[in-house]
There are 2 protein chains.
Amino acid sequence: MITMATIHDVARLAKVSIATVSRVMSGADPVNPKTQQRVMEAMEQLNYTPNGLARNLRSLKTNVIIALVPDIKNPFFSEVIRGIEDGAREAGFHVLVGSTDGDREKAKAYMALLEESRADGLILTTAQMDQAFIEDFAARRPMVLACEYIAGSEIPCVSIDNESAARKITKHLLALGHTRIAHIMGPSNVVLSQARLNGYKQALREHGMPEDELLVQEGDFSIESGYAVAKKLLSIERLPTAIFAASDVMAIGALRAIHDHGLRVPDDIAVAGFDDINMASYVSPALTTIHQPRYEIGQRSVQMLVKLMKAEELGQAQVVLEDTMIIRESSGKGHEEKG
Amino acid sequence: MITMATIHDVARLAKVSIATVSRVMSGADPVNPKTQQRVMEAMEQLNYTPNGLARNLRSLKTNVIIALVPDIKNPFFSEVIRGIEDGAREAGFHVLVGSTDGDREKAKAYMALLEESRADGLILTTAQMDQAFIEDFAARRPMVLACEYIAGSEIPCVSIDNESAARKITKHLLALGHTRIAHIMGPSNVVLSQARLNGYKQALREHGMPEDELLVQEGDFSIESGYAVAKKLLSIERLPTAIFAASDVMAIGALRAIHDHGLRVPDDIAVAGFDDINMASYVSPALTTIHQPRYEIGQRSVQMLVKLMKAEELGQAQVVLEDTMIIRESSGKGHEEKG
DNA sequence: AACATTTATGTAAACCTTTACATGCAGAGA
DNA sequence: TCTCTGCATGTAAAGGTTTACATAAATGTT
């Protein structure tokens, strides 16, 4: 709509040079109070707003960071994003959120914005693309992994120890006397799915339990997949006595599947989730799960990214935050705490 | 990291002018195949990526649109965002998502990006700020309201008819014989909360039911508020026989409150929600609710915004999409459909 | 009074593109 | 041979800032 006033217009009206106008705005260099007054009035009168694009071009900074999530509808990630947004705001950045659907091309399209200088940094919440590509990218651009840790990689990251957390919650189920514990894992091409699967297997092994291939099935973190995979597990001849889902969302899908199958949780089958999303304590039965400090993961990852962008030393590049097991109703007897 | 190659570097290496390099990229003007070849090789060799900021400044377009939601953690909005993102991608735009927390200042900070030419358009999913401010903004910048319709305003919008939908679902409860129907409304400063409240009241009036002030309580669309407000309703001496919550998320909070209170849904108290979020059919009992075509709302609103940005005629400026009542378990008897 | 210092302001380059206009040249028609 | 047309390319302006450097005026120092 109507063409905007530029710094030149302001300068002309205030009878000064554009440099002076710029100085009034930045407040960096000294400027005569009277002149300053005149400039401010001119700005007011023309309803002047500086053009951000021009500033960006001049400074070669955009103050935009990109946060890529596999699925924005997934409540776990939206809480992480919230942490990212708040951390970004504090540091003076805006967040461009991209939902990748596990589609590499979509992810790469967002990452291209960095190459084009249209964003300054990247936070990746799940690394689904080829590791080589990521390593290469991280070497050239400021980037942080949130939620996920890539073994043997130097890329800065903030996450919990998914393996030990999964081991912990599986042990909880074992301690309750369960002998056939099924696992609904996340997408197998995602690092953290593997980590959680490993933790699960380690716990079984430590307890001398045999591994049953039938009891491990792959989902995609969606509620629909949790439902579908649980249905599948319920059709096994020797039913599992407990199901450990790699995410609360899938666990909620499983709850429904068990309910529809005419069985009760936790009496007939115990269920445990992962993430401790907001809703976990509201569904019935309330979910036993692993609490991830998701907000903090988001915040911390931005803080690291900011340091990276400023080329500051970031001390520890791999940050592992604490998780907490939260025991609620869905795992049955031996409750120690009510969410 | 290492300074980037510019179009000048490419031109120098290929022994042509920068104009020719630009032409090779755009493909608009004819250029000699041999020269083209040389330029491409130079680009390749220097690993050249054009600077998006410079392009943006030159064209005065950013291809970025801003989508403002009250709370990114709210699953209803994240599904709308998904529609917005997909619509935007199709039209060649990127989406900057902002969570406002009902904080006007945060919202205004995002809107300022438009004034600074750092974004081309705006989609507002809830209008919490003063109407005058919004009207003024909409007059100067391309903007569309999604989910919400402001009575008497000319601002383009895409939504359902919240009033009639609320009336419809309240009537459903009345038809089931409920006499004391409570309403957990959304924040009273949000237009659609008022619309839903009106629909609720109209239905009661049509059935000759008295209005009971005690039965209408305000929440903020969060699960916690649904829980808290339901608790409050359960402490009324003459208990409500049904609760209509203005969002599924609050309804889920209410389900838990009723459960914790030792009552059963729908036998003791019926519950109805609004939105039909993904999880609505998975919780137990599954929620009776109003299905909003949220993905389509997102998509359509981007389409309108794009027209607005191109200054094309957009025919109908106020679009009302169809909603559907979905009857599930939480409202009890008379089920016509299973989610 | 001459000079050094400080303060206020202006000039112009730089950031990296796109594009209107200008130029040069080859082939075609007279 | 001369002019006309059309293609391929170059030149330079424009987009709106910020900022290094230059200049000018005012103040302070001896």
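We find that CZ of B:Arg118 is positioned 16 Å from P of D:dG16, with the value rounded to whole Å. Nucleotide C:dT18 holds its P atom 11 Å from the NE2 atom of B:His8, rounded to whole Å. Going from atom CD of A:Glu115 over to atom P of C:dT17 covers 14 Å, rounded to whole Å. Between the P atom of D:dT18 and the NZ atom of A:Lys61 lies a distance of 16 Å, rounded to the nearest Å. B:Asn56 places its CG atom 14 Å from the C1' atom of C:dC15, with the value rounded to the nearest Å.
Taking only side-chain atoms of B:Asn51, from C-beta outward, the nucleotide of D:dT18, C:dC16, D:dG10 with the closest atom is C:dC16. Closest to the B:Ala19 side chain, of the nucleotides D:dG10, C:dC15, C:dT17, is D:dG10. Distance from the side chain of A:Thr6 is smallest to D:dT17 among C:dT18, D:dT17, C:dC16.
Rounded to 10 degrees, the angle separating the terminal axes of the helix from C:dA1-D:dT30 to C:dA30-D:dT1 is 60°, with each axis obtained from five end pairs.
With the nearest nucleotide of DNA chain C identified for both B:Leu57 and B:Val21, B:Leu57 has the one nearer the 5' end. Of the residues near DNA chain D, A:Ile18 and B:Ser17, the one whose nearest nucleotide (by heavy atom distance) lies more toward the 5' end is B:Ser17.
With A:Arg82 contributing its side chain and B:Ser99 its backbone, the two residues share no donor-acceptor pair below 3.5 Å. For A:Thr20 (side chain) and A:Val16 (main-chain N/O), no donor-acceptor pair under 3.5 Å exists by modelled atom type. In this structure, the side chain of B:Asn56 engages the main chain of B:Lys61 through a donor-acceptor pair within 3.5 Å. In this structure a side-chain-to-backbone donor-acceptor pair under 3.5 Å is missing from B:Asp29 to B:Arg23.
B:Lys108 forms a cation-pi arrangement with B:Phe133, by the criterion of a distance under 6.0 Å to the ring centre and an angle within 45° of the ring axis.
Proximity of residues 29-48 of chain B to DNA chain C (heavy atom under 4.0 angstrom from any strand atom) is restricted to B:Tyr48.
Interface remark: the A:Arg58 side chain does form a donor-acceptor pair with the D:dT18 base, using a distance-only criterion of under 3.5 Å. The base of C:dG10 sits within donor-acceptor range of the side chain of A:Arg23, with an N or O pair under 3.5 Å.
The phosphate of C:dT18 has OP1 or OP2 within less than 4.0 Å of a side-chain N or O from B:Arg55.
Side-chain atoms of B:Glu41 and B:Gln37 include a donor-acceptor pair closer than 3.5 Å.
Residues A:Ala88 and A:Ile65 share a closest heavy-atom pair of CB-CD1, 4.1 Å. Minimum heavy-atom separation, B:Leu68 to B:Met111: CD2-CG, 4.2 Å. Here the closest non-hydrogen pair linking B:Val158 and B:Ile297 is O-CG2, 3.8 Å.
Residue contacts for B:Ser22: at a heavy-atom cut-off of 4.0 Å it reaches a base atom on one of the strands shown.
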